[in-house]
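Everything below concerns the one structure shown next.
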Amino acid sequence: MSIESEVAPALRGLPAGLPRLMPVDRKLFPDGLRTSGQHPPVEGQLRQFNEFPRQITGPTVWTPQEMVDHPGKWIHKWTDAELEELLQAVETFIASGTPLVNISKTNFRLPTLEGALQDIRNIILNEHGFFVYRGLPISQWGRYKAAVATMGLSVHFGYLLSQNKLGLILGHVTNRGADYHNSLDKVKISATNAPQFYHTDEADIVGLLFCSPGKTGGASGCASAHIVWNALINERPDVAKTLSSPIWYVDRKGEVTDGQEPWFKNPVFMMEPGGKERVYVKWDPYFVKSLSRFSDKGLIPPLSAEQLEAMKVLEETCQRYGIVYDCEIGDIQFVSCCQTFHSRTGFTDPPPPQPQRYLLRTWIGTPEHEGGWSLPFHDSCYPKRGGIQVDSTPPAADPLTTAGGTE
């Protein structure tokens, strides 16, 4: 029986490259939900460049100086009462014996903080797009409890997603010495100390717990994709048009489910097909630069001169409109990947026996029917939309063991 004959007739006509619709094994996925993964957009839901706005206004448009002048808009220092409630939730969850991969709003209760968390969720999804919780006492709590707290906060924003072929819903961001110069198709930059250019992750929201700093560098950056779009329209409309065209191939870096191509293709800038019709961004230059093994064989076209120029101008514009700041140990940073680019400067690690720069990461899905963005993808209403899912690899989480990021 062919793959196509196994797919329901109603689903035919969806974009090429979707995985087979395998049933969910509740022994592997107790909540009945599997991470959807990365897919090409539904072609009929993409907008032409002439349909995009020529000027975006509102709370998603901001300048670095605004954030420097008003740190209270994006930094909140935990109060003693808030930390007490958070620690009680952590210890109650751990004492229950519930597997870490099954953490949810129902078993990680924050009755007093819940209202404030929903306000922050709205800021992340619908306003300036990033927020930092400061002052988690990770040196007192230890990494495990701090990780549970980060995951517990994350599930109040949405659903935890698998981040790689290992099924990790808790990622490790540290320098593993991977050779990205010669093996970019196998290496993720988060496993190196190289700079991460302005990009978005394969999720609606990314959460980062700062466990230990580097010796030098490693600063975080955020930029409004909407102010970047405005600048491109005003200064380089040719680049804006190139970036909003469905010509960008994105590497899966070998993390492929049965029925998928080793890449997918989409515009960098898209528009919501419904909802508020906002401009949405999906971009990581390291996943675009690594495709030469396919373009050299003529399987996909190589990057054109126009695309290379657009990549250069996009990064320069993000740097011009981005805020760069240093995070502290115990900071938990949440960034929207819908309307906000984020970055990291290159860094060096301190010499032993001091710990390496180390972050723990969550990816969060926020489906359309729960207040998330309306996206031009077939899984827009699926709870665990986005992320990276290979076959039926079950979710995994270990705060103390480094894994993922390289072959």
Side-chain angles (χ1 to χ4, degrees), residues 29-33 59 71-161 169-170 203-211 327-336 360-373 381-385 395 397 399:
F29 306 91
D31 60 2
L33 299 172
K73 293 181 66 171
W74 58 281
I75 300 176
H76 173 75
K77 182 169 175 55
W78 293 113
T79 67
D80 290 343
E82 289 170 339
L83 286 174
E84 183 178 348
E85 179 176 348
L86 187 57
L87 180 59
Q88 182 177 351
V90 167
E91 293 180 336
T92 299
F93 176 83
I94 294 173
S96 73
T98 304
L100 195 50
V101 295
N102 292 345
I103 194 167
S104 68
K105 284 196 296 186
T106 57
N107 58 31
F108 193 90
R109 304 300 299 273
L110 295 167
T112 303
L113 286 172
E114 172 62 22
L117 286 173
Q118 292 310 301
D119 291 340
I120 300 307
R121 183 183 191 267
N122 181 66
I123 287 172
I124 295 167
L125 287 177
N126 300 313
E127 296 184 14
H128 53 264
F130 69 108
F131 199 84
V132 175
Y133 282 105
R134 177 151 291 166
L136 191 77
I138 189 170
S139 59
Q140 298 174 31
W141 290 16
R143 183 186 293 179
Y144 192 92
K145 288 184 178 180
V148 174
T150 302
M151 295 176 71
L153 292 168
S154 297
V155 295
H156 282 267
F157 293 145
Y159 299 84
L160 295 181
L161 307 176
I169 61 171
L170 184 67
D204 294 309
I205 300 173
V206 55
L208 290 165
L209 167 65
F210 288 74
C211 301
C327 284
E328 302 175 3
I329 297 174
D331 279 0
I332 308 174
Q333 172 186 272
F334 291 100
V335 181
S336 169
L360 292 174
R361 179 179 64 197
T362 58
W363 279 359
I364 305 163
T366 59
E368 179 181 342
H369 66 286
E370 294 186 15
W373 283 51
C381 285
Y382 187 72
K384 293 185 180 179
R385 68 183 192 182

Could you tell me if the side chain of Leu360 sits less than 4.5 Å from the side chain of Thr150, heavy atoms only? no

Could you go through Arg385 and Thr366, starting from their C-alpha distance and side-chain angles, then the distance that decides it, and tell me whether this counts as side chain to side chain contact (heavy atoms under 4.5 Å, CB included)? CA-CA 7 Å; Arg385 68 183 192 182; Thr366 59; 4.0 Å; yes

Heavy atoms of Leu209 and Ala147 approach each other most closely as CD2-N, 4.0 Å

Calculate, to the nearest 0.5 Å, the distance between atoms CD and NE2 belonging to Glu82 and His76 respectively. 3.5 Å

Please round to the nearest 0.5 Å and tell me the distance separating atom CH2 of Trp78 and atom CG of Leu87. 12.0 Å

So which atom in Pro137 and which in Leu83 form the shortest heavy-atom distance, rounded to 0.1 Å? CD-CD2, 3.9 Å

How far does OH of Tyr382 sit from CD of Glu368, to the nearest 0.5 angstrom? 15.5 Å

Side-chain contact, heavy-atom cut-off 4.5 Å: Ser139 with Ile329? no

In the structure I gave you, are the side-chain heavy atoms of Ile169 and Met151 within less than 4.5 Å of one another anywhere? yes

What's the spacing between Glu91 CD and Leu86 CG if we round to 0.5 Å? 10.5 Å

His156 pairs by side chain to side chain donor-acceptor pair (under 3.5 Å) with which of Lys105, Glu114, Arg109? Glu114

Counting distance only, does the side-chain N/O of Glu370 pair as donor-acceptor with the main-chain N or O of Pro367 below 3.5 Å? no

Side-chain contact test, heavy atoms from C-beta onward, threshold under 4.5 Å: evaluate it for Asp31 versus Pro383 and give yes or no. no

Does the side chain of Tyr144 reach to within under 4.5 Å of the side chain of Val148, using non-hydrogen atoms? yes

Taking Asp331 for the side chain and Glu328 for the main chain, is one N or O donor matched with an acceptor at less than 3.5 Å? yes

What one should report as the nearest heavy-atom pair of Cys327 and Arg134 is CA-NH2, 4.3 Å

Do you know which two heavy atoms are closest between Ala397 and Val101, and how far apart they sit? N-CG1, 3.8 Å

Please list all pairs meeting ring-ring contact (aromatic ring centres under 6.0 Å, His included) that have one or both residues in residues 85-122, counting only residues at least two apart or in different chains. none

Out of curiosity, Ile124 CD1 to Asp204 CG, how far, rounded to the nearest 0.5 Å? 11.5 Å

Looking at side-chain heavy atoms only, is the closest gap between Ser96 and Asn107 below 4.5 Å? no

Give the C-alpha distance, both sets of side-chain angles, the deciding distance and a yes or no for side chain to side chain contact (heavy atoms under 4.5 Å, CB included) between Leu110 and Leu153. CA-CA 9 Å; Leu110 295 167; Leu153 292 168; 4.0 Å; yes

Side chains of Thr362 and Leu170: does their closest heavy-atom pair fall under 4.5 Å? yes

Taking every heavy atom of Pro30 against every heavy atom of Asn102, the minimum-distance pair comes out as CG-OD1, 3.7 Å

Is any side-chain heavy atom of Pro111 less than 4.5 Å from a side-chain heavy atom of Glu85? yes

Separation between OG (Ser154) and CG (Leu160), nearest 0.5 Å, reads 6.0 Å

Indicate whether any N or O donor in one side chain lies under 3.5 Å from an N or O acceptor in the other, for Glu84 and Gln88. no

Strictly distance-based, threshold 3.5 Å: is any side-chain N or O of Asn122 a donor or acceptor partner for the main-chain N or O of Asp119? no

Are the side chain of Trp373 and the backbone N or O of Leu125 linked by a donor-acceptor pair below 3.5 Å? yes

Give the minimum heavy-atom separation between Gln333 and Phe210, together with the two atoms involved. CB-CE1, 4.1 Å

Can you label the angle between the Trp74 ring and the Phe130 ring as parallel, tilted or perpendicular, going by 30° and 60°? tilted

